[in-house]
Novice: 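Let me begin by handing over the structure; questions about it come next.
Numbers restart at 1 for each chain; the letters A, B, ... are given by sequence-line order, proteins then strands.
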Amino acid sequence: SAATEIMVAYENNPGEPVDRVMTRWAELVEERSGGDVVLTLYPSSQLGAKRDVMEQAMMGVNVITLTDVGFLQDFDADLGILFGPYLTDSPEKLFEIYESDWFKQKKAELESKGVHIVISNYLYGVRQLLATKPVETPADMAGLKVRTPNNIMQIRAIEAMGGTATPMPLGDVYPALTTGLIEGVENPIPVLYGAKLHEQAKYLSMISYLTNTSLWVGGQAFFDTLPDDVVTMLEETGYEAGVYSQQIAAEQDAELIEKMKAAGVTVIEPDVEAFREATKSVYEQFPKWSPGLYETIQDQLK
Amino acid sequence: MGVLSRISSVFAGVALAVLVSMTIASVIARYVFAAPFHWAEEISGLLMIWIIMIGAVSAERDNQHLSIPVFTDLLPARPRAALALVTGGLSMVVLAYCGYLAYGLAMGSQYKLTGVLQISWFWIDLAVPFGAAGIVAFMLAKWIRDVRIVIRGDR
Amino acid sequence: MSWSVIIIFMLGLFALNMRLYVAIICTVLAYFVFFSPLPHAIAVQRLIGASQNMSLLAIPFFILLGTLMDYTGVAARLMKVADLLVGKLTGGMALTNVLLSTLLGGVSASNLADSAMLTRMMVPEMERKGYNRAFAAAVTASGALITPIIPPGIALIIYGLVADVSIGSMFVAGIIPGLLMAGMLMTTIYVVARRRGYRPSRDHWPTRIETRKTLIGAWPVVVLIVSIVGGIRFNIFTPTEAGAVAVAIVLIIGFIIYRQMRVEHVAVALSETFKSTAAVMLVVMASSALAWILSLEQAAQQLVVHITALTENKYIFLLILNVLLLGLGMLVEGNAILIVMVPLIMPTVAHFGIDPVHFGIIVIVNLAVGCLTPPVGTVMLLVSNLSKVSIAEFLREGAPFYAVLVTALLMITFIPELSLLFVN
Ligand code: NA
Ligand code: NA
């Protein structure tokens, strides 16, 4: 029979960790299915921006994509908390939430709205701050113009630290740093390094404010057309790919910090407690959340 | 038709003026108040698609859309008008179908919101059916004129 | 290879004088109807998606700016200043045009926005001074192609990212090729102007009194130029914002200082701007929907396999690649090609021992020249629309510049030192 082709679309460029993990996943799927299922990779937003690809998936297209907090919040405001600042110290604990009853219920609700989660143990990375001046305390953040993605959770987090959140597309960040239009940018180290931002901003502050887990999702309409054993195979291999993403994130951070140092970047280990304290207020700024959501999550994390 | 083109001109002109003013205001907000408009980009995107689609209606009225007439100009008036009937008819079908598809997208966009203002993509997608309808209206007027040329050989 | 079928279909529709944007959308829909099980609505989604790219916002702003400069008397005074410097030379205004393009290069970071502003500002003035309008349009469009190569052009940055090359090196590498292209264009203009007998606009160099008088009268223009260029170079705003701020300054100059402007002028300028923006943006949007299909069909992968199999000679490889990129550049948006093609072709580039920085400059110059080439050369389309010159006339007048730009491309391709002299 003809092979089942599934497109995998993401905004990151070839060679970045996301691309490497997806390449590994495609190999696993090919091996496990004996070539009956083929994953075709579309990096660099070739199929469109995240929201557009998600819309395509909802229309029944055979595509899987990486979601972000904005997308999840649109479906269910509560899911936004998973991207909250300093939610937990350990990625392991965070991944346990994705196995919890709370999340299983959310997952079922998403499926009824047409979204099928394929990978839920994916680690995009821990988000750090790269700036044109040293940032050791929240006081150093006062008025610092920091680029954020265009979503309200990260804007609020940076503002709570005292920075001036300046949303813009990642592609515009390099020239914006060159001219001083912005003075800092937050992202996992491999993304910062991949965008060559260390050529323009020489201070890396390890504020680790957000452990960025991600979900890979497709449209339920397409998943309903797949045989059960194929769906199970995709989820199993996807889990292995997720484990690989966690390894690669740790390795890459260590390796790229060294490369940044060699390129003249000063690495700062700030007092994270002060930043954590400063961002506590963020959790009170989302009135649409279910009552007691923060406490529910913190109980899960203990 | 006169009313339609007047309304669309005023609408697109105002939208463009708002776009310029908002961009300047956001520069001022960033420097004077250290508080950039996080929402400026989203409003810009929304205005941009409406300016393009409504502007396209005016451009259609004034025959300013881009095309390559090098080959068809070699034909005498009547065959050229006959050909224009065929391509014009196809164009109207294509645009009407685009408008219909975009309307479908708009109606299905309840989970597609902008990041800060949470504006539904409905308002973005909706520009296309509006613009397509206006363009088709002016194309149809031209098409009827071409029919006369083909039948009567008018110039 | 269904994508090659639809491209032939599209060229057929172009030849039948169908509106370019409708022809491209028709082609995209035909793909969905005949070759793909995917929902047709995606065609429209890709159109709309392309309009949400914020760097395109600079286009209406700079069109408006150029139009207002013409109405406010700013353009005329700017020309007077330029006339002091080059008026004695044959074809002086045309030379000024390219010089301005090179100096402003990268200010708007988009060759569409740059060419829009310069067309609105320069072409009417050049016509008043006796230049053929199509010639003026062709000069403006060719000059604007230098923009992406001069730092901090967006294409240099995108290439640096997708090819994993230092963006700083790309910036340095772009300088000599950019100047080379400017120099070659100016030489050609001089030759054409001599042959046509475009006489110098003045018969003697300006006297000191004349110079002082002109400069004093033009001080608002100096303020304007300093605020646009300075505003971007010194950290104050983005190119898009600079466009908006400059519009405000021009309005102040026009209403308060020169008092040549009336409210009706603003209304007319706005209306001309949104019509031209719509005309060119619809083509850009439609062509990015087409680019989506080419991505989906992995057209680039197929092409790369073919061309790498064709030859083992580095120079023939580069030549084939130039032809291919020029061809693609005629049909779809340059940056889309950059993002998809470059990562695929980098292993081959390494295999032939071609320096990735040099290769980047080749690709970017190529795509820039594609902007001037029919059918979907976006700069050509925009400039001929704004200056109301037919595409046939534009091509006739543009032919010598096109030849020169292709020659420059070949020089840049086969003389790596032009790009690499100051790198490292
Ligand atoms: Na330029
Ligand atoms: Na092009």
Novice: Kindly indicate, with the supporting measurements, whether the criterion side-chain contact (heavy atoms from CB on, under 4.5 Å) is fulfilled by A:Asp52 and C:Arg46.
Specialist: CA-CA 8 Å; A:Asp52 294 337; C:Arg46 296 326 307 138; 3.1 Å; yes
Novice: Which heavy atom in C:Gln298 sits nearest to a heavy atom in A:Leu41, and how many Å separate them?
Specialist: NE2-O, 4.1 Å
Novice: Using a cut-off of under 4.5 Å for heavy-atom pairs, which of C:Ile158, C:Asn53, C:Val165 has the most such pairs with chain A?
Specialist: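 That would be C:Val165.
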Novice: Between C:Ile167 and chain A, which part of the residue has a heavy atom less than 4.5 Å away: side chain, backbone, both or neither?
Specialist: both
Novice: Checking heavy atoms, do the side chain of A:Gln46, its backbone, both or neither come under 4.5 Å from chain C?
Specialist: both
Novice: What part of C:Gln52 lies closer than 4.5 angstrom to a heavy atom of chain A: side chain, backbone, both or neither?
Specialist: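 Neither part; nothing is under 4.5 Å.
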Novice: Which atoms of A:Thr40 come close to chain C, meaning under 4.5 Å heavy atom to heavy atom: side chain ones, backbone ones, both, or neither?
Specialist: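 For A:Thr40, the contact with chain C is made by the side chain alone.
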Novice: Write out, in numerical order, the residues from residues 57-64 of chain A with a heavy atom short of 4.5 Å from a heavy atom in chain C.
Specialist: A:Met59, A:Val61, A:Asn62
Novice: Measure C:Ser166 against the heavy atoms of chain A and call it side chain, backbone, both or neither at under 4.5 Å.
Specialist: both
Novice: What residue in A:Met7, A:Glu199, A:Arg51 has the most heavy-atom pairs under 4.5 Å with chain C?
Specialist: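 Top option by heavy-atom pairs under 4.5 Å: A:Glu199.
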Novice: List for me each residue that meets salt bridge (charged side-chain N to carboxylate O under 4.0 Å, His left out) alongside A:Glu255, sequence neighbours excluded, and say none if there are none.
Specialist: A:Lys259
Novice: Give, as side chain, backbone, both or neither, the part of A:Asn13 having an atom under 4.5 angstrom from any heavy atom of chain C.
Specialist: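 Looking at A:Asn13, just its side chain touches chain C.
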Novice: Pair A:Lys196, C:Asp164 - check side-chain contact (heavy atoms from CB on, under 4.5 Å), show working.
Specialist: CA-CA 9 Å; A:Lys196 310 201 178 294; C:Asp164 197 19; 2.6 Å; yes
